[in-house]
Protein chains: 2
Amino acid sequence: MSERVVPAADRRRRRPTKQGVVLSEELIVETALRLIEEHGTEALSVRRLGRALGADPSSLYRYFRHTDDLMLAVADELIGRTLRTWRPSGDWLADLRDLGLRVHAGALAHPRAAVLSSYRVTGRVYEIQAVEAILGVLRGAGFPDVEAVRIYHAYVDQALAFGALDSANTALPQPAREAEAAVWQATYARLPADTHPHIAATARHLVATMRHSSYPAALDLLLSAAAARLAEIRAAGEG
Amino acid sequence: MSERVVPAADRRRRRPTKQGVVLSEELIVETALRLIEEHGTEALSVRRLGRALGADPSSLYRYFRHTDDLMLAVADELIGRTLRTWRPSGDWLADLRDLGLRVHAGALAHPRAAVLSSYRVTGRVYEIQAVEAILGVLRGAGFPDVEAVRIYHAYVDQALAFGALDSANTALPQPAREAEAAVWQATYARLPADTHPHIAATARHLVATMRHSSYPAALDLLLSAAAARLAEIRAAGEG
DNA sequence: CTTAACAGGTCAACGGTGTTGTCATAAGGT
DNA sequence: ACCTTATGACAACACCGTTGACCTGTTAAG
């Protein structure tokens, strides 16, 4: 049973497909990303990807063992792209806020990859770079090691978790998405004040707020708590 | 074109299936939950569910218009179960902390269902109860409406997002889970200090911290930021 | 007690999916 | 120029959600 997938390094024979395309891991990953962007999550299937590439679907199994493998490769590329656009300024709070929003935006742009990668540790280069960078920002700001690690963990997981959450939501089929939006208007905004006083009192704000991601708000809350903690630490350090 | 789905209230004719099972919305939802728990997310399909119930798959379309409708019903049942175990004490901070941990624990107890339900708005009874209760706690504590809604949104999404994240991770196949745990020991803990100073300096803490959920830490950060905000609001109110 | 309406079950089919066993052939080292 | 084999193509498999047509037992009305 010879392996179906050949390691990228051993590839020599660049034979074109019937339609004249020369496949490669990079080309496949890029095309997958483009497909998701242009036609949404549900547009990404092995068969469609094959069609978009001008190749038989089964050819892709020469490059990835499962769709899962493909998605992880896509995710890795995504991390790399996000990290490359980040320009830390030296202001730890602003930098972490900026990076958080970038990670979240990157996740939204590629829902399927984001959901898959959110709960996995890859141990690959870009991930390691990100860990080192974030820890550097926190320790540079003056957080002691234990605190830096604790906040790093909460910060990263929150960015990934919200990224996945909001991704999954935007990846819903169109009718389901519209139905969700309608629920706040049609159901919550119409509950009577005598049975549901708190919802009724805030209905206007609920309808306006719930249609957007709560990640920016959650991020600001987390970071402001971290800043408060840092102030405490500094005060204690001077005593 | 007569509607395929008849509202639950109008159901009269309880005709058993060939295999002698009397279907109902409740029975279907319970069976779906059980299926997900026992055999994982991928085990839940209309066809398998039909088989597990002892009914033709197409029968389910007499109760739910799409799979999506079914998933919303499952999600709401989960919310209901969690909410029923919560006993608010009147201390807003403690109550929200307690509820958050319960939601998270509930998600971990039903890993596969939690992932599916985390990003949906059901608009069903239990969800409405939860929204009303949480908004009540926040407004009762003294948050003005806009602020209460903003914090409600971040708080709820955080609980659901971390629930889904940690669920997805625990739901990984055993070998994959072990491989993940090993990455911190095998990869991160061995990075040299000259190329990755921050990781090297905190490696001990990383290995210890990353194996647990960061949700409790993230929840505490969010709530402490909310408490700080409330203090500000109260101070301004007295001025 | 009969009967007609129809809720609610079944069946078959459609077009989609991921994946694999097998075959064909052109690329590339010798 | 030849042989190996990497790599593409094809066909098939087993699944998926969903729908239209059909059939039948339950139930409410007469």
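Every chain is numbered from 1 and lettered A, B, ... according to where its sequence line falls, protein lines coming before strand lines.
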Between B:S214 and B:A217 (side chain of the first, backbone of the second, donor and acceptor by atom type, cut-off under 3.5 Å), is there such a pair?
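No; judged by distance alone, with no hydrogens or angles, the pair does not exist.
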Could you tell me whether [X] and [Y] make a salt bridge, using a distance below 4.0 angstrom between a side-chain N and a carboxylate O?
X: B:R120; Y: B:D68; answer: yes
X: A:E77; Y: A:R81; answer: yes
X: A:D56; Y: A:R47; answer: no

Between [atom2] on [N] and [atom1] on [X], what's the gap in Å once rounded to a whole number?
X: A:R51; N: D:dA9; atom1: CZ; atom2: P; answer: 14 Å
X: B:L49; N: D:dT18; atom1: CG; atom2: C1'; answer: 15 Å
X: A:L23; N: D:dT7; atom1: CG; atom2: P; answer: 10 Å
X: A:R112; N: C:dT17; atom1: CZ; atom2: P; answer: 11 Å
X: A:L53; N: D:dT7; atom1: CG; atom2: P; answer: 16 Å

Measure distances between side-chain N and O atoms of B:R4 and base N and O atoms of C:dG8, and say whether any donor-acceptor pair falls under 3.5 Å.
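Such a pair does not exist between side chain and base.
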B:E42: partners by salt bridge (Lys or Arg N to Asp or Glu O under 4.0 Å), with sequence neighbours left out
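Once residues adjacent in sequence are excluded, B:E42 has no partner under the salt bridge (Lys or Arg N to Asp or Glu O under 4.0 Å) criterion.
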Sequence-distant partners of A:R204, salt bridge (Lys or Arg N to Asp or Glu O under 4.0 Å), two or more places apart:
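Listed in chain order: nothing, the list is empty.
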I'd like to know if the side chain of A:T209 pairs up with that of B:R150 as donor and acceptor (distance under 3.5 Å, no hydrogens or angles considered).
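Not at all, the side chains of A:T209 and B:R150 share no donor-acceptor pair under 3.5 Å.
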So which protein N/O to nucleotides 12-16 of chain C N/O distances come out below 3.5 Å?
none

Counting only side-chain heavy atoms from C-beta out, which of D:dG8, D:dT18, C:dT19 sits nearest to A:Y61?
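So the side chain of A:Y61 is nearest to C:dT19.
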Could you list the donor-acceptor pairs under 3.5 angstrom formed by side chains in residues 121-131 of chain B, with sequence neighbours left out?
unit_1 : atom_1 : unit_2 : atom_2 : d
B:T122 : OG1    : B:D76  : OD1    : 3.3
B:T122 : OG1    : B:R124 : N      : 3.1
B:T122 : OG1    : B:E127 : OE1    : 3.4
B:Y126 : OH     : B:R84  : NH2    : 3.1
B:E127 : OE1    : A:Y188 : OH     : 2.7
B:E127 : OE1    : B:T122 : N      : 3.2
B:E127 : OE1    : B:G123 : N      : 2.7
B:E127 : OE2    : B:T122 : N      : 2.9

Taking the nucleotide of DNA chain D with the closest heavy atom to each, which residue, B:P16 or B:V46, is nearer the 5' end?
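Final value for this comparison: B:V46.
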Sequence neighbours left out, what pairs pass ring pair (Phe, Tyr, Trp, His ring centres under 6.0 Å) with at least one residue falling in residues 101-120 of chain B?
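Passing the test, one end in residues 101-120 of chain B: B:H104-B:Y215.
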Close approaches to DNA chain C from residues 62-71 of chain B, in residue order (heavy atom, under 4.0 Å):
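Contacting residues: B:R62, B:Y63.
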Check whether any side-chain nitrogen or oxygen of A:K18 sits under 4.0 Å from OP1 or OP2 of D:dC10, and answer yes or no.
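Answer yes for this pair, as a side-chain N or O of A:K18 is under 4.0 Å from OP1 or OP2.
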